[in-house]
Amino acid sequence: MSDTADEIDLPYDEEETSQQEKIQVLEERLDGLESRNEEMRDKLLDANAENNKYQQKLERLTHENKKLKQSPLFVATVQEMTDDGVIIKQHGNNQEALTEVTDELREELDHDARVAVNNSLSIVKTLSDETDVRARVMEVTESPDVSYDDIGGLEEQMQEVRETVEMPLEKPDMFRDVGIDPPSGVLLYGPPGTGKTMLAKAVANQTDATFIKMAGSELVHKFIGEGAKLVRDLFEVAREHEPAVIFIDEIDAIAATRTESKTSGDAEVQRTMMQLLSEMDGFEDRGEIRIIAATNRFDMLDRAILRPGRFDRLIEVPKPDEEGRELIFEIHTRDMNVADDVEFAVLAAEVEEASGADVKAICTEAGMFAIRDDRTEIRMEDFRAAWEKVQAENDDEEVSKTFA
Ligand SMILES: Nc1ncnc2c1ncn2[C@@H]1O[C@H](COP(=O)(O)OP(=O)(O)OP(=O)(O)O)[C@@H](O)[C@H]1O
């Protein structure tokens, strides 16, 4: 292609063509070039979008890869510092071991120091104090910013959570006067991304309670040997923060049906679950603490945790129906600049099988599509393209879970 005006090959004979003809020919050429330019620009945008998609995929896979490579650490306490190395005692199984350390690490260590060790019992890092581990697995929010208005399509579930968690916190006297015990624990079960965490946060917000969240999988997989102790800590932190709502996510990780195998991992899980049950059983005068647990794997739960006095109120949180999806679209687009032609009822019908979390992702992605197209208004086509993208991402996640 020519870069300078001198090099341009003119589509007419300079001498013989009239001025009028020249203008016409040049205008035609300009039109052609403009439309080519437009085409190239579209292609470039598509390529950029594609590039973005692969970039995101790459990031996700890199993250997944990193997660897979991180093996869990065990917690131990330093018993003795000897010339031959450091004697540590593992939590959980109380096994002692002699391990070598570098001079730098030795300086940081002391008798009774808590350390994290890897599979071969080498010290990986020192844990400064108890709150360190606590902070890693416990999320404490004085006042979560989710209200019932932010939840779409779970009317019945909201009603039930309000009766079983909110009422006992707000009107404990009523239960006493009537002479019944409020339900001990409430178990929310259903597919991922359907609003279980939101429900627990909203009830804490409504009752001005502190929201304390712990994920079952972190309890048993992050710091092996600490599970039971962390459960004790969890209830202690709740007592310190009354009124409080304890939310145990992925409870199946600590309360899965007992397996026959007696691996140390299983024993650890058992100990953690026993601690949870004993905290709940011995929690007669629970005061202003309510417990909500959540799971995506109801089928895997050990029935022991569902006995009366434990998680004895079960609430199913399903994927939203069409009406629910429409409400969730409305909630998540409250602050978005949506074009007049966008009809959430139509979209809700189209995004069959979408969870609440999917609908939220669609709204954010639709906004991204508008930005990419240099627009500030989000159109119907953006939402549709976003649904395609969210579906593709969900499929990718399924694949990486299968290979994990
Ligand atoms: N019913 C809903 N109404 C409004 N937003 C929702 C709803 N369900 C999910 N969402 C959106 O999806 C996000 C994830 O939902 P949430 O964490 O409550 O799901 P969950 O059921 O606890 O999922 P998981 O089982 O994966 O922990 C929320 O932050 C919210 O933005």
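Owing to the predicted nature of the structure, the values given are computational and were not obtained by experimental measurement. In each ligand, atom 1 is the first atom listed, and ligand 1 is the first ligand listed. Numbering starts at 1 and runs along the sequence shown.
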Q) Which residue and non-hydrogen atom of the protein lie closest to atom 10 (N) of ligand 1, and at what distance in Å? A) Gly356 C, 3.6 Å

Q. Roughly how far, to the nearest 0.5 Å, is CG of Asp312 from CG of Leu187?
A. 10.5 Å

Q.
I need the nearest protein heavy-atom contact for atom 1 (N) of ligand 1: residue, atom name and distance, please.
A. Gly152 O, 3.0 Å

Q. Should the ring pair Phe383 and Phe344 be called parallel, tilted or perpendicular, given that the plane angle runs from 0 to 90° and is split at 30 and 60?
A. perpendicular

Q: Among all protein heavy atoms, pick out the one at the shortest distance from atom 5 (N) of ligand 1; state its residue, atom name and that distance to 0.1 Å.
A: His332 NE2, 2.9 Å

(Q) Under a plain distance cut-off of 3.5 Å, with no hydrogens placed, do Glu59 and Tyr54 share a side-chain donor-acceptor pair? (A) no

Q) Pick from Arg310, Arg239, Lys229: which one makes a salt bridge (charged side-chain N to carboxylate O under 4.0 Å, His left out) with Glu279? A) Arg239

Q. Between Pro192, Gly195, Ala202, which one has a non-hydrogen atom sitting closest to atom 15 (O) of ligand 1?
A. Gly195

Q) When you measure from atom 31 (O) of ligand 1 to every protein heavy atom, which one gives the shortest distance, and what is it? A) Lys360 CD, 2.9 Å

Q) For ligand 1, which atoms, with element, lie under 4.0 Å from some heavy atom of Lys196? A) 18 (O), 19 (O), 20 (P), 21 (O), 22 (O), 25 (O)

Q: Report the member of Val359, Val146, Asp150, Val317 with the shortest heavy-atom distance to atom 4 (C) of ligand 1.
A: Asp150

Q | ligand 1 atoms in contact with Thr194 (distance to a heavy atom under 4.0 Å) | A | 1 (N), 8 (N), 9 (C), 19 (O), 20 (P), 21 (O)

(Q) Quick test: of every protein heavy atom, which one is nearest to atom 22 (O) of ligand 1, and how far off is it to 0.1 Å? (A) Thr197 OG1, 2.5 Å

Q | Nearest non-hydrogen protein atom, atom 12 (O) of ligand 1 | A | Ala357 CA, 3.1 Å

Q) Any nitrogen or oxygen of Gly193, main chain or side chain, under 3.5 Å from a nitrogen or oxygen of ligand 1? A) yes

Q: State whether Phe298 and Arg303 meet the cation-pi test: NZ (Lys) or CZ (Arg) under 6.0 Å from the six-membered ring centroid, and within 45° of the perpendicular axis.
A: yes

Q) Which protein non-hydrogen atom lies closest to atom 27 (O) of ligand 1, naming both residue and atom, and how far is it? A) Asp249 OD2, 3.4 Å

**Q.** Ile151 neighbourhood, listing ligand 1 atoms whose heavy-atom distance to it stays under 4.0 Å
**A.** 1 (N), 3 (N)

Q: Enumerate the atoms of ligand 1 whose separation from the nearest heavy atom of Asn296 is less than 4.0 angstrom.
A: 25 (O)

Q. Do you see a donor-acceptor pair shorter than 3.5 Å between the side chains of Gln20 and Gln24?
A. no

Q. So, Asp252 versus Asn296: side-chain donor-acceptor pair below 3.5 Å or not?
A. no

Q) With a 4.0 Å heavy-atom cut-off (strictly under), which part of Glu250 contacts ligand 1: side chain, backbone, both or neither? A) neither

Q.
For the CD atom of Glu323 and the CD atom of Glu155, what is their distance to the nearest 0.5 Å?
A. 9.0 Å

Q. Which value, rounded to the nearest 0.5 Å, describes the distance between Asp341 atom CG and Glu381 atom CD?
A. 8.0 Å

Q: Quick one: which residue pairs count as a side chain to side chain donor-acceptor pair (under 3.5 Å) with a foot in residues 359-369, not counting sequence neighbours?
A: Glu365-Lys389

Q: Could you tell me whether Met198 approaches ligand 1 through its side chain, its backbone, both or neither, with non-hydrogen atoms closer than 4.0 Å?
A: both

